[in-house]
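Note that these values count all heavy atoms, side chains included, but never hydrogens, waters or copies made by symmetry. We name chains A, B, ... by the order of the sequence lines, and we start the count at 1 in each one.
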2 protein chains.
Amino acid sequence: MRIGELAAQSGVSVRALRYYEEQGLLEAERSGSGQRRYPASAAERVQLIQMLYAAGLSSRTIAELLPCVESRVSTPESRARLAAERDRIDAQIAALTRTRDRLDAVIVMSGLPASGCMWISDHDITEQAEMAGGLNGSPDAR
Amino acid sequence: MRIGELAAQSGVSVRALRYYEEQGLLEAERSGSGQRRYPASAAERVQLIQMLYAAGLSSRTIAELLPCVESRVSTPESRARLAAERDRIDAQIAALTRTRDRLDAVIVMSGLPASGCMWISDHDITEQAEMAGGLNGSPDAR
DNA sequence: CTTGCCCCTGACGTCAACGTCAGGTTTTAG
DNA sequence: CTAAAACCTGACGTTGACGTCAGGGGCAAG
């Protein structure tokens, strides 16, 4: 399959695919005229790459771990690297969960009039919204 | 408190604190000679800023939502923004969890003595991952 | 033949959250 | 009083994962 097709299929840009190759993450056969040809399995590999990028791994780390993750084969060394990254991701998940809960608390609280966090009486929602827009004292709202 | 103390206390660099001020996230009083003075509450605010940055929010978004998150007061508009960000974070957590599980599967599998070697068939993968997941509960968000 | 689409290789541009350096002033310790 | 430490503004540098543009080639359809 050609690079444009792979891009469409995997949802990334053509530029990104060439970048992955440059980083040693994705190899391609070349046709006589020098055009890249990918096997069907490349789509899955690209998905993995995206997955690992999204988890904050660097190109270098992905290059090291990708064969291992794709083939499900690990050496003792790669296992240690994998575990380290998994722990990092776990920590990230924990932090994000705390942040999510913090936002949730603020959102949910506005639905509890008894808590005292509603600073405007709730008998007229529309008026409340207008007042909120005009009176909201965000110090450096631009 | 002075900028160096706040930096030490909140674990960020002096440069970062000045950057936050530049972005309208953190205000400071000025002494006669122009040096920044922060109230004790600034440390908590910096923690919040870090928290939101780590969740992938931009400076502009943080500037909009920070007063609301810190004071726990929300307007209908800010509530919508907050909910949108919370949903984004939820999606991020879900994706990270899938990635973590993928790494975990590779790690756990090679540690199972029954396989006797570094790789095992696809058929065994899901079964063993289930077994391993049941045996040692991986740290789970939520 | 030429039109249009896809492909190629450089190579420079971008954006965000700071790092770092220069050159000067203020505060603190002894 | 003096020297070190901390602070100030301003401005340029860094990093990663691409975006974008320039300049050129190949190839099937009309």
Legend entry - Tyr19(A) vs dC18(D): side-chain N/O to OP1/OP2 distance below 4.0 Å: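 Tyr19(A) to dC18(D) OP1/OP2: no side-chain N or O under 4.0 Å.
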Legend entry - Presence of Ser33(A) side-chain N/O under 4.0 Å of dC7(C) phosphate oxygens OP1/OP2: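 No, no such contact exists.
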Just how far, in rounded Å, is [atom2] of [N] from [atom1] of [X]?
X	N	atom1	atom2	value
Glu21(A)	dT9(C)	CD	C1'	12 Å
Tyr38(B)	dC7(D)	OH	C1'	11 Å
Ile49(B)	dC18(C)	CD1	P	10 Å
Tyr20(B)	dC18(C)	OH	C1'	8 Å
Leu57(B)	dC15(C)	CG	C1'	17 Å
Gln23(A)	dT15(D)	CD	C1'	12 Å
Ile3(B)	dT26(C)	CD1	P	17 Å
Glu22(B)	dT9(D)	CD	C1'	11 Å

Inset, instruction - Tell me what Arg36(A) touches on the nucleic acid: a base, only sugar-phosphate, or nothing, going by heavy atoms under 4.0 Å. - result: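 It contacts sugar-phosphate atoms only.
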Inset, instruction - Report which part of the nucleic acid Arg18(A) touches: base, sugar-phosphate, or nothing (heavy-atom distance under 4.0 Å, all strands). - result: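 It contacts base atoms.
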Legend entry - Tyr38(A) and Gln9(A) side chains, donor-acceptor separation under 3.5 Å: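 Side-chain D/A pair, Gln9(A) to Tyr38(A): absent.
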In plain terms, say whether [X] and [Y] are close enough for a salt bridge, that is, a side-chain N and a carboxylate O under 4.0 Å apart.
X	Y	answer
Glu5(B)	Arg36(B)	no
Arg81(A)	Glu77(A)	no
Arg15(A)	Glu21(A)	no
Glu22(A)	Arg18(A)	no

Inset, instruction - Identify, between Gly32(B) and Arg60(B), the residue whose nearest nucleotide on DNA chain C lies closer to the 5' end. - result: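 Nearer the 5' end of the strand: Arg60(B).
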Inset, instruction - Ignoring the backbone of Gln50(A), work out which of dC18(D), dT27(C), dG25(D) is nearest its side chain. - result: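 Between dC18(D), dT27(C), dG25(D), the one nearest the side chain of Gln50(A) would be dC18(D).
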Legend entry - Shortest side-chain distance from Arg30(B), nucleotide among dT9(D), dA6(D), dT26(C):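 The answer is dT9(D).
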Legend entry - Nearest atoms (heavy-atom pairs only) where Pro67(A) meets Ile62(A):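 Scanning both residues completely, I find the closest heavy atoms to be CD-O, 4.4 Å.
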Inset, instruction - Would you name the heavy atoms of Ala7(A) and Ser13(A) that are closest together and state the gap between them? - result: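 Distance-wise, the nearest heavy atoms are CB-C, 4.1 Å.
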Inset, instruction - Assign each of Ala16(A) and Gln35(A) to its nearest nucleotide of DNA chain D by heavy atoms, then name whichever residue's nucleotide is nearer the 5' end. - result: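 Looking at the nearest nucleotide for each, Ala16(A) comes out on the 5' side.
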Legend entry - Residues in contact with DNA chain D, drawn from residues 5-15 of chain A - heavy-atom cutoff 4.0 Å: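 Result for residues 5-15 of chain A: Ser13(A), Arg15(A), sorted by number.
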